[in-house]
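First comes the structure, then the notes that go with it.
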Amino acid sequence: MLSFIAQRVVKGVIVLLAIIVLNFFLIRLAPGDPAVVMAGEAGASDQIFVAQLREKFGLDRPLPEQLLIYVKGIASLDLGFSFRQQAPVAKLIAERLPATLLLTLTAFAISLGLGILFGVLAARFAGTFLDTAITVLALIFYATPLFWIALIAILLFSVWADWLPSFGYETVGAGYTGLRHALDVGAHLVMPAATLGLFFMATYTRMTRASMLEVKRLDFVKTALAKGLRDGIILRRHVLRNALLPVVTLAGVHAGTLVGGAVLTETVFAWPGIGRLMYDALIQRDYNLLLGVFVVSSAMVLIFNLVTDLVYRLVDPRIEYAS
Amino acid sequence: MGDPVVSIKNLRIALPRGAERTHAVDGVSFDLTAGKIVCVVGESGSGKSMCAHALLGLLPDTVKVESGEIAFEGRDLLSVDQDGWRDLRGRRIAMVFQEPMTALNPLMRIGEQLMEVFEAHDLLSPKERRAKALALVREVGLPDPERIIRAYPHQLSGGQRQRAMIAMALALEPAVLVADEPTTALDVTTQAQILKLIRNLQASHNMAVMFITHDFGVVADIADQVVVLRHGKVVEEGTAEAVLGRPQHDYTKALLAAVPSFDPPPRRSREDAPRALEVVGLDKTYVTPTGWFRPKRETRAAHAVNFAIHQGETLGLVGESGSGKSSVARLVMRLIEADRGTVRIGDVDLTALDGRALRTQRHRIQMIFQDPFASLNPRRKVGRIIADGMVARGTPLEAALKRAQELLGLVGLDAGAIGRYPHEFSGGQRQRIGIARALALDPEIIVADEAVSALDVSVQAQVLRLLEDLKARLGLSMLFITHDLRVAAQICDRIAVMQKGEIVELKPTAALFADPEHAYTRELLAAVPGRKQEVA
Amino acid sequence: MRQFWRTMLRSPSGIIGLIILVLAIVIAVAGPFYFPNSPWRMVQRPFVPPFTLAKVPLGTDALGRDVLAGLIFGARVSLLVGLVSTLVALVVGVPLGAIAGYFGGRVDDALMRFTEFFQTIPSFALAIVLVAILQPSIYSIVAAIGLVSWPPVARLVRGEVLSLRTREYVQAAVVTGQSNAWIIWREILPNALSPVIVLASLMVATAILLESSLSFLGLGDPNLISWGYMVGAGRTVIRQAWWITVFPGVAILLSVLGLNLIGEGLNDALNPRLSREGR
Amino acid sequence: MLKRVLLGVVVGCGLSAAQAEEPKTGGVVNAVIQPEPPGLMLAMVQNGPTQMVSGNIFEGLLRYSPKLEPLPGLAESWTISPDAKVYTFKLKKGVTWHDGKPFTSADVLFSIEMLKQTHARARNNLVMVEKVEAPDDLTVVFTLKEPFGPFIGIFEVGSMPMVPKHLYEGTDYKTNPNNNAPVGTGPFMFKEWQKGSFIRMVKNPNYHEKGKPYLDEVYWQIIPDAAARAVAFETGKVDVLPGGSIENFDVPRVSKLPGACVTGAGWEFFSPLSWMWLNNRNPILANKKVRQAIMYAIDRDFAKDVIWNGLGKVATGPSASTIKFYSDDVPKYPYDPAKAKALLKEAGYKGEKIRMLPLAYGETWQRWGEAVKQNLQDVGMTIETIATDVPGGNQKIMEWDYDIAFTYLYQYGDPALGVSRNYITSAIAKGQLFNNVEGYSNPEVDKLFAEGATAPTDAKRKEAYDKVQKILAEDVPVAWLLELQFPTITKCKVKSLITTGIGVNDGFRDAWLDK
């Protein structure tokens, strides 16, 4: 198992390096650079000013040298410096990462939990009204653009009903501590997490349902029936456990991409996470910061994938620790 | 004979609309008696499995019992509700399925699945359940019970899994055991053991057993009573001796006649003919990487395999699954690459060729595959399937299709078949198409890999006859791979016995059957079902 | 083929999906004949509510442009982006997956690492970056969506090919002397197609969603009206003029829904084994 | 009771003597800041949000009234020599930095040196300065090379913020730790910045104007989505929406909410003017008739009424009407598509493709681009919109790779500071984003602008500027659009927020909360 993890980590590092190199050049393909952005904002932009900024950012050096400097930094776990925000990239990301993790993991937990629950219900009562209702709802959530749900949710729950705060991570300036603070953050979390989770919930619902129906037909379920087991036990112990295997795989893929995919949600709900940080960094050509976010979110994907594989191996004894 | 435990009367089970026929089972009646094994025999689609499932209330939702009665201990099983079934299943009526791999939950330990039977009926404490499970595992003859109950299904061999299934079925000492082709997926030696086990357990527990099979050899070994099913109807019923020894119905007679005899017919030796195929020192080892810090897992598929086939000769390659016989076929065909060794066709060293050069030589050795369903591309018309190879060799399509029609005639099919798709044909017909494809390239050698194993016994006999006939007419040589010694006895001039990638014995067929030298050969021969009371 | 249509038409979801899709296509193709004017034209005063003026039945947007005309022209863009980007993904993913699956070994290893690499980068983020870098236009959007959505295709095709490769009819083709290219093209791919078609129908749906998300973020092609653009442009005035956002939103929902339903129908028709007991 | 009276006296002495209401102390105000500033060190970063937040932390020597008259800031008085070349500033006594160190003329001298390196606009403004001296701790003397009319207008906090010498001298400016926790002399002190959420500043108890500021704390909330910002105001989560915080479409609705007050004031110093760069190097746009046709083709009243919701004013020429020396006596271009078509025909335009670069600053600008495109297409021009984000657009403009491009620029109160740079020949250079990007060159215009900047009297200056405005309006080097107005929306309980011509940028100094 350790060997398995070690192997995956080494492979992950290689993938990360490739991502760094690719993105390093990719990002620099975009027209404009941070100097241009800052010149625009300063309301003054003679060539000296722009040249000064470029020198300051190290953009005047040849690209391979810049890459080398960056990679060297990464090797010593230094993600570089954001000249734009005048702070180390690692610090900027560290400030935002917890919020993103909180958001995505909550969304993930909700979507997985409810998705499986609804999927099981639909499969258990296949062909009944409940099944149809769940299936139709899941399909609609699956087909609705996320940003649209977010807009409607704000209208419904913040503006009209005034139940939930519409933006941010906490009530600024309220100075809550302890439980109050947790509740406050929780209230802020509800809408973004629900919005982000809906699509995935729909996916898991559909997948769980389909997978359950498929497993239900397998021979070992017949064996279980032939033993005289109760339906509940058969469903739980035999059908569900086997049906969840593909869901686990898919969920692992999602968990990782959620981190980078929360851009829209974070934008609409003003959630101070790295999705927004990435978008801002992109718009401002904050190369180091953008790369940093990419490295971190890709690392997240890799970590989640690894965790999924470990979970999978835990659930499915057939898989051994082979590559 | 005592009172029947189960009495099936006039059972009619309707199939959903659109199926091949209206009823899966139509007016079937027979009894199961304590201490007796009733074999229900029939070819695929005869409705035998439906009967078995009806006995446990496990019929699929799409089929309906129309009429009839299944009486068990005075109750009509057809009117039992869900709770009633739950109580009966496992406790009074138990079942063993065909595929022990898929019939066990892959995510649960054997022990857990065993103990579940007690749990289902709220019997015993968890601790007692474990003790009972251990006892059961021991009773069905599994080694190292402590290890077995902690093992997952995939960690056991096929035979071991089937034993575990049987242990599960026996756990609550049911009155009736339904065994649905329980040995079909197993090797002959394993099959022999499992049959013996069922026989013994049935006797010691005084169970009524309904044993479903398509194999008359098995019937001969195990049955007290025989029920022969055809298209959902009982065509003949009686004691084993009566049905096997003095079959009344034509169908039964035909079936029995189709079972290949275990006595090899006399054959002319062809050892003085020139060698068509020569295999020298073939080695093939599969390596599965397992990670960085552990040894690689190696499976030896072929080791120092040597043989030659003379012109006009059929060499049989027999062995159990995993013995490497199919690997050898594929090595010879250059479908997989050997680690070492040469394959020579006439004077061409096939193993030395590559790419285009190899492709131009391939027509000399052709193959007939096992699975008639998987061996034809479902999306190509039969004509193209046969013609493709000729076209690849440069024959114009027109001419190739014309030849395909001739070939279809040769294998006993209508020439109009070239315009149809494979799914429009039965298994036996497809196998004929496969043969036509192989013949299309005018090969010198045919490799037949389990070419008749998937066919019903009556069809099997026809295809074997066709092969023999074509071989003689076209002067072909053949490498015939099979696990079925009866088939091998009928068609092979010489037989090579493989075990764990090695040929342990190679002899003319009659000599091998009469005087097996190697212990493994003897074991194989002894395990062939129905050998003791050779059927008519 | 007839069998296929019969199954497809027997499944209610397939029918509904087909109806929606056909409707969308008819609107996209024929609509502009009824609306010869550019959807960008300011035809009325801004913020005319829907169902008040016969000339602009679905109302006007913030600049007085006809929402209905926008929907109709938007259908073209959304459907086109969905279809073409899926095609791009297929063109990349199918050969990659086929080659990896057929040749196996080191080729497979290398190609799969490459695929994993693309799957590791969060796809929406990558799409945003790609569009920003190439500068938003219909081409860059199609390219970006195609580029982030091919890995699942490659994996699926590889899986299929991997299992088909050992099929006896493929081996039969080998022993009859066919070339690798011929075998992949004639023997393997046609049989790997069903799941790919199902996946493709879902990918079109996803691509439409992706395009709308990009447009929502302001990364759409400014010369072409699309549904996502309309939602994005209307969201700031959603309080005063719900219709600007709601109608295109519903249009996206319906077409994505339709495609998903078709996907389900296709799945039922092409993989009958899986669906028989499904309902 | 006594305290209140005293306060009243202090306020009475100050600016707002005319104010009827008496300020109350205490309270917290939440304002929106958009987008999140990249940094708060005003000497290093000069984008709009930074100026808005940091203008309350840092201070300049002067402030400016809505009419752009200089007001005392860190300098309490100033004199100008008769030859208009020597400016002497007297600094206020007893001013301290937030860390308690006194503010002196040495800080002023240091700030000027530092800004020359880090602040492009300050450097340009100081080109005319021959030397700066500090005869004593509280006196600073600027000597100019020649008279420069607008010089008195360059001392506002955003243009020339004062930097603490003791914290910056001899350090690497870009990594100085104080950049993250800036230390100024202003009414508020930087307290905390949760990136992506808010910036918090608290009252400076030792502020040099006794009694001010009135507020205890100000939170600058960072909400990236415009609609969410509107909702935040609506639900009472924020009290101040500075200009541009919400989309224009939303302004009328939000303004009408109960308890909301709106003002267009506070932008006089900047007087943002919008126009489209017309690349004069393009063979088609090089033709004056085509440029004039474009002016006639654009429905600027529609833009004002629909896109800007009636805010702002149709521009008549290169100067905004709010800055000095504005002249109305110029050729006008009313919306007249027929005339535009005729002009295009005369010019021999045959539908060649013209690329248009909108401004990537959000919905309003996007809509405006769409409307203008439609206007131009209506008179028969072929327009292709080039999509790009801010850096991409900037890059294209800097490299002159555009045909038509939207922009808006601040005018900084005086044509010599904010207008001439966009039209004079010497300001043509590749690689800059503003100044004469369109490539217009007219020796007559160059001469008149030079005269206007250096003429010793305002009357002489006006004469030159009147002429140049007429010429430019005739030549249409760029297509002027609107004088923009960014209304500031506040809860009415926030009082006296906008008292100067630079608006919210130093507004919390005087603001108070009516509880």
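Below, chains carry the letters A, B, ... as their sequence lines are ordered, and counting in each starts from 1.
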Could you tell me which non-hydrogen atom of [X] sits nearest to which non-hydrogen atom of [Y], and how far apart they are?
X       : Y       : answer
K195(D) : R96(A)  : O-NE, 3.3 Å
G196(D) : P272(A) : O-CB, 3.5 Å
S158(A) : T235(D) : O-CG2, 4.1 Å

Between [X] and chain A, with a heavy-atom cut-off of 4.5 Å, which part of the residue counts as in contact: side chain, backbone, both or neither?
X       : result
T50(D)  : neither
K237(D) : side chain
Q221(D) : side chain
I397(D) : neither

> For F199(A), what residues pass the ring pair (Phe, Tyr, Trp, His ring centres under 6.0 Å) criterion, not counting sequence neighbours?
Replying inline: Y142(A)
Check whether [X] gets within reach of chain D through its side chain, its backbone, both or neither, counting any heavy atom under 4.5 Å.
X       : value
I154(A) : side chain
D33(A)  : backbone
L277(A) : neither

> Roughly how far, to the nearest 0.5 Å, is the CG atom of N47(D) from the CD atom of Q284(A)?
Replying inline: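 If I round to the nearest 0.5 Å, the distance is 8.0 Å.
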> When rounded to the nearest 0.5 angstrom, what distance separates CG in N394(D) from CZ in R285(A)?
Replying inline: 9.5 Å
> Does any non-hydrogen side-chain atom of W193(D) lie less than 4.5 Å from one of E95(A)?
Replying inline: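 Contact flag for E95(A)/W193(D) side chains = no.
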> Of all residues at least two apart in sequence or in a different chain, which pass the side-chain hydrogen bond (donor to acceptor under 3.5 Å, both in side chains) check with E399(D)?
Replying inline: Q395(D)
